Amino acid sequence: MKVIKVNLKENSYNIYIGYNITRKIPFILKQLSLKDTAIIITSYRIYSLYKNHIKHALNGLKYIIIKVPDGEAAKSKKWLFKIMDQIVKVDSWNKKVFIVCLGGGTVGDLGGFVASVYKRGVPYVQIPTTLLSQIDASIGGKTAINLKEAKNILGTFYQPKAVFIDPLFLTTLNRKQIKEGIAEAIKYGIIKRKDLFYFLRDNHKEIMDLRNPYLLKLISTCAEIKAKIVERDEKERKGIRTILNFGHTLAHALEASSGYKNISHGEAVSLGMLYAAKLSCFLGKCKKEDVEEIIKNIKIFRLPTKIPSNYITIYKAMGYDKKFTSESIRMVLLRGIGKVTVSGKIYLKDIKNILKKKNCC
Ligand SMILES: NC(=O)c1ccc[n+]([C@@H]2O[C@H](COP(=O)([O-])OP(=O)(O)OC[C@H]3O[C@@H](n4cnc5c(N)ncnc54)[C@H](O)[C@@H]3O)[C@@H](O)[C@H]2O)c1
Ligand SMILES: [Zn+2]
């Protein structure tokens, strides 16, 4: 088992990574003094796949299970309050509850948000079950739900007490779901680690087949990168954590403008990164060859490269981004593979141009 510590003073916690670590969860929870009633938030699909596994793994714990829909539909006002209503029924003056998020990034974001607002904060742990949530969403304490107008518009910074990453969960993902995680891994390569960027390209077959040691190396490297960035800027106040949003301005707009239905987060990130790179080239921040390198990585994993819908709707959805001022936006731009910069004044007319143009550079 590999343990990565996220150093955040009183909010510090460990990320435990290893095959079959789920068995060790009850023991670690006891060490963390999380011994009261666990509220397990999971999705219908995860429950149907893993109900016996959950029973075995959490043997000896007191728990209840709350099931939510699979995918973005769970990150909604409706499910937030449905969950609250169920928790309040089992909670009482002599009990303490803590939350276990067992699922993909949607379950993790929703469960973390519930934990942060219920009684002004109860403890929670993450057990991510998709590649995307294992390498990204479960780490760093960003929690959120969506409104129809905008993605992640209700959210908090609230760190978990522990993250348990068991790659065994990934064996039931299909190839599309694996690729969605790869999009965020490509992002880490672009923003911080050239070696990771080329590791992904050179070993794409082994990674897609979830072969070891490639998979464990990928998960650990990404988890370490995220932990280090979060440690330096827990609440995104210093502009350091902002680089994790590379490709996400357009990605979130694409997701919202499609009603969270026709495009997954990972696919949207793939397109968002490509367009952020093209914009960077258009603004003279990086070379045309850098954009081409990104296109190669995106294509080798057969991630999308073409924006599916009307650019006007997408452009409108971008208006809800918290980084927007009246006529300009703050965006993460590409300098080269492994290097990005945060630019405070990207003019909307330039974004419009890139969205309209098929080939900018
Ligand atoms: N908080 C953060 O820092 C952060 C970072 C990145 C992404 N996110 C959020 O994460 C979400 C995307 O997460 P995701 O890609 O995990 O999507 P997801 O949670 O929607 O999961 C994708 C699909 O995989 C299924 N699934 C999950 N685990 C499975 C398993 N082991 N076997 C078979 N099927 C399984 C789910 O039921 C779902 O249908 C987005 O809402 C995004 O905004 C958050
Ligand atoms: Zn993301």
Side-chain angles (χ1 to χ4, degrees), residues 6 22 41-50 53-54 67-76 79 101-113 116 124 126-146 150-160 163 165-188 190-191 210 222-223 226-227 229-230 234-236 241-256 260-261 263-273 276 332:
V6 187
T22 321
I41 301 178
T42 193
S43 72
Y44 285 99
R45 177 152 173 73
I46 299 294
Y47 183 73
S48 74
L49 286 169
Y50 290 103
H53 191 80
I54 301 170
K67 285 165 265 166
V68 299
D70 292 274
E72 283 306 312
K75 282 175 65 172
S76 60
W79 282 95
C101 308
L102 174 73
T106 51
V107 169
D109 279 11
L110 167 72
F113 188 69
S116 70
Y124 79 111
Q126 293 277 15
I127 311 178
T129 61
T130 59
L131 181 60
L132 188 146
S133 56
Q134 295 197 344
I135 65 168
D136 192 345
S138 63
I139 303 161
K142 262 194 184 179
T143 81
I145 62 166
N146 308 323
K151 170 104 176 167
N152 293 344
I153 200 159
L154 302 182
T156 55
F157 285 101
Y158 190 66
Q159 301 296 337
V163 179
I165 299 180
D166 190 337
L168 276 182
F169 281 115
L170 307 185
T171 52
T172 48
L173 294 178
N174 60 35
R175 289 179 83 78
K176 180 177 176 295
Q177 291 164 330
I178 297 170
K179 284 191 311 190
E180 286 161 11
I182 299 290
E184 301 276 14
I186 295 175
K187 175 191 79 182
Y188 287 124
I190 295 173
I191 63 172
L210 305 177
C222 294
K226 177 122 188 212
I229 293 175
V230 170
E234 183 186 353
K235 300 203 170 148
E236 213 169 311
R241 192 171 174 160
T242 317
I243 64 170
L244 289 166
N245 297 332
F246 179 70
H248 280 62
T249 305
L250 179 67
H252 288 166
L254 279 170
E255 291 179 83
Y260 307 106
K261 283 191 189 105
I263 186 160
S264 70
H265 181 67
E267 290 166 337
V269 167
S270 165
L271 288 169
M273 291 191 300
V332 187

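Both counts, for ligands and for their atoms, begin at 1 and track the order of listing. Predicted model only: the values in this text are computed from it and were never measured.
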Check for a donor-acceptor pair, side chain of N146 on one end and backbone N or O of N152 on the other, with a separation under 3.5 Å.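 Here the side-chain-to-backbone pair exists.
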Please check: side-chain N/O of D136 versus main-chain N/O of E184, any donor-acceptor pairing under 3.5 Å? no
Is it possible for you to check whether K235 lies under 6.0 Å from the centre of the six-membered ring of F157, through NZ or CZ, and within 45° of that ring's axis? no
Go through the steps for V230 and Q159 under the test side-chain contact (heavy atoms from CB on, under 4.5 Å), then give the verdict. CA-CA 10 Å; V230 170; Q159 301 296 337; 4.2 Å; yes
With rounding to the nearest 0.5 angstrom, report the CD1 to CZ distance, I41 to F113. 12.0 Å
Backbone or side chain, does E184 get an N/O/S atom under 2.8 Å to the Zn ion (ligand 2)?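 Here the distance criterion (N, O or S atom, under 2.8 Å) is met by E184, so yes.
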Is there a side-chain contact (heavy atoms from CB on, under 4.5 Å) between L170 and I178 once you walk through the steps? CA-CA 8 Å; L170 307 185; I178 297 170; over 6 Å; no
Show me, by chain and number, every protein residue that has a heavy-atom distance under 4.0 Å to ligand 1.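 Those residues closer than 4.0 Å to ligand 1 by some heavy atom are S43, R45, I46, L49, Y50, D70, G71, E72, K75, G104, G105, T106, D109, T129, T130, L132, D136, A137, K142, K151, N152, F169, T172, L173, Q177, E184, K226, H265.
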